[in-house]
Amino acid sequence: LYAEGQRRYVESLSPYARQFVGQVPKPVFERIEGLAPAVAIEQRSTGSTPRSTVGTLTEMYDFFRVLAARLGVMHCPDCSVPLGVQTVDESVDRILSVPEGSRLLLLAPVELKVGQTPESFLAGLKAAGFVRLRIDGTTYRIDQNPPLNRKRKNRLEIVIDRITAKPSERSRIAQSVEAAFEAGSGTMLVARAVDDGHGNPLAEADWPVEVHSRFLACPACGQGFRPLEPREFSFNSPLGWCEVCDGLGTRTGVEHQALVRDASLSLFEGALELWPDLSQPLSRAMLEALCTATGLPGDVPLNELSGLQQRVLFEGTGERWIPVPRLTASDGAGSRLPAKTPPASKPEAQAEGAHALKPEAQAEGAHASKPEAQAEGNR
Ligand SMILES: [Zn+2]
Ligand SMILES: [Zn+2]
């Protein structure tokens with residue numbers, strides 16, 4: 001049964017996937033009925049990237065993504081209730097809930113169809129009577145050759161109406177909402193002109209945008225959602241991957257426990273594995289300077305420090321510089337040496353010098369190196 005199940009399963013795969021799954025000879029039966037294909041793959045290391053999983057190798061992952069995106073029931077991430085339809089009236093209520101007098105753009109998201117040229121797309125909009133198009137957050141008049149690039153994937157929205165949020169405008173707003181849902185296949189975006197909090201108007205591209213939906217709206221909080229796409233279920237797409245590990249499933253960082261020598265000791269007694277250790281005057285001076293500058297008590301056992309104090313100790317205080325007093329010649333160390341916090345918490349930081357003192361910089365570096373990994377890792 002196992003052999004026949006696997007044989008049928010392997011038959012359903014593409015030639016590419018088949019090479020990874022061993023061929024099984026046909027069993028010696030004339031006929032086997034009612035047997036569901038079984039998923040059985042040998043466990044072995046193919047020496048590939050963490051982006052390669054049983055799901056990607058067998059290509060089942062592609063089908064699951066489509067299944068989830070097309071047949072899944074969307075829920076509101078804030079209220080955990082299934083999304084449902086929203087009437088135009090409810091949408092208008094939401095629009096009018098912003099401060100009265102706000103200037104709003106009612107937008108219908110659109111896309112170039114496969115094979116459609118920007119010229120024919122714009123001509124189509126013009127023929128339908130639309131005047132303005134928003135491209136990546138900036139509004140252009142359609143008759144003034146807006147910068148549409150077919151190679152770049154622009155975010156395109158038809159400007160259906162420019163309105164002022166006033167109850168007296170209700171019927172006009174309702175008409176425009178209906179038109180926006182019509183043009184946007186059930187999705188409408190509302191961009192609101194705001195200032196930076198000091199009276200300076202923000203650039204249009206920075207205006208907050210609210211999603212409204214005819215069919216995918218939360219019955220509890222009212223917010224709308226765009227239909228999900230398969231790539232939003234992919235850990236190989238920035239749209240779908242976990243933001244903490246970028247879809248790799250693992251993450252490099254510092255394990256706090258590895259830095260602690262004995263949590264029942266205080267910092268001055270040597271609770272942490274420091275390099276060099278506290279018998280070195282410079283190391284001692286840096287720890288003392290850190291305690292003075294941050295208010296960390298150096299004489300309290302490590303396991304009695306508060307959560308906040310532990311955070312300062314292990315995660316640092318950002319970009320703040322902490323001066324370490326000049327050591328005298330008898331201390332056996334050099335001149336004044338500014339150290340970034342927390343010198344105590346990052347042995348590897350000290351070993352590698354300035355580069356490692358910036359955890360953010362490392363994080364960015366890791367990100368920057370990702371794209372190649374994706375490209376090759378998709379299988
Ligand atoms: Zn909700
Ligand atoms: Zn993750």
Side-chain angles (χ1 to χ4, degrees), residues 45 48-57 60-62 64-65 67-69 71-99 104 106-107 109 165 177 180-181 184-192 208-258 311 314-315 359-379:
S45 160
S48 49
T49 74
R51 293 188 183 278
S52 173
T53 66
V54 170
T56 59
L57 218 56
M60 279 188 295
Y61 187 51
D62 300 327
F64 280 129
R65 287 207 313 266
L67 195 68
L71 292 181
V73 177
M74 283 176 70
H75 285 60
C76 173
D78 297 328
C79 314
S80 300
V81 291
L83 304 181
V85 296
Q86 190 168 57
T87 64
V88 169
D89 246 14
E90 287 167 326
S91 243
V92 175
D93 286 341
R94 250 182 97 211
I95 289 172
L96 289 175
S97 68
V98 299
L104 306 171
L106 302 189
L107 307 162
V177 167
F181 278 145
S185 313
T187 305
M188 170 180 69
L189 306 176
V190 179
R192 180 157 62 97
V209 175
E210 209 173 52
V211 180
H212 289 241
S213 174
R214 269 305 263 120
F215 310 107
L216 297 170
C218 173
C221 68
Q223 62 180 320
F225 299 87
R226 296 157 176 270
L228 286 172
E229 294 173 43
R231 63 192 167 146
E232 283 164 303
F233 290 89
S234 168
F235 58 71
N236 287 321
S237 158
L239 281 174
W241 69 37
C242 158
E243 286 176 5
V244 175
C245 65
D246 290 356
L248 289 173
T250 57
R251 183 187 170 203
T252 8
V254 174
E255 165 60 22
H256 292 180
Q257 281 315 308
R311 234 178 11 255
F314 287 108
E315 285 159 36
E360 319 82 64
Q362 290 178 328
E364 278 168 35
H367 273 254
S369 66
K370 288 285 159 55
E372 313 88 71
Q374 284 158 36
E376 60 169 70
N378 197 22
R379 297 284 185 181

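Just so you know, ligand 1 is whichever comes first in the structure, and atom 1 is the first atom listed for that ligand. Worth knowing before you read on, the calculation uses all heavy atoms, side chains too, and leaves out hydrogens, waters and symmetry mates.
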Rounded to the nearest 0.5 angstrom, the OG-CG distance for Ser52 and Asn236 is 9.5 Å
Taking the Zn ion (ligand 1) as the apex, Cys218 SG and Cys76 SG span an angle, rounded to 10°, of 110°
**OP:** Look at atom CZ of Arg192 and say whether more than 12 heavy atoms of other residues, nucleotides or ligands are closer to it than 6.0 Å.
**Re:** yes
- Return yes if some donor-acceptor pair links the side-chain N/O of Arg214 with the main-chain N/O of Gln86 below 3.5 Å, else return no. yes
Cys245 SG to Cys242 SG via the Zn ion (ligand 2), rounded to 10°, gives 110°
Between Cys79 atom SG and Cys221 atom SG, the angle centred on the Zn ion (ligand 1) rounds (to 10°) to 110°
Interatomic distance, SG@Cys245 vs CZ@Arg251, rounded to 0.5 Å, equals 9.0 Å
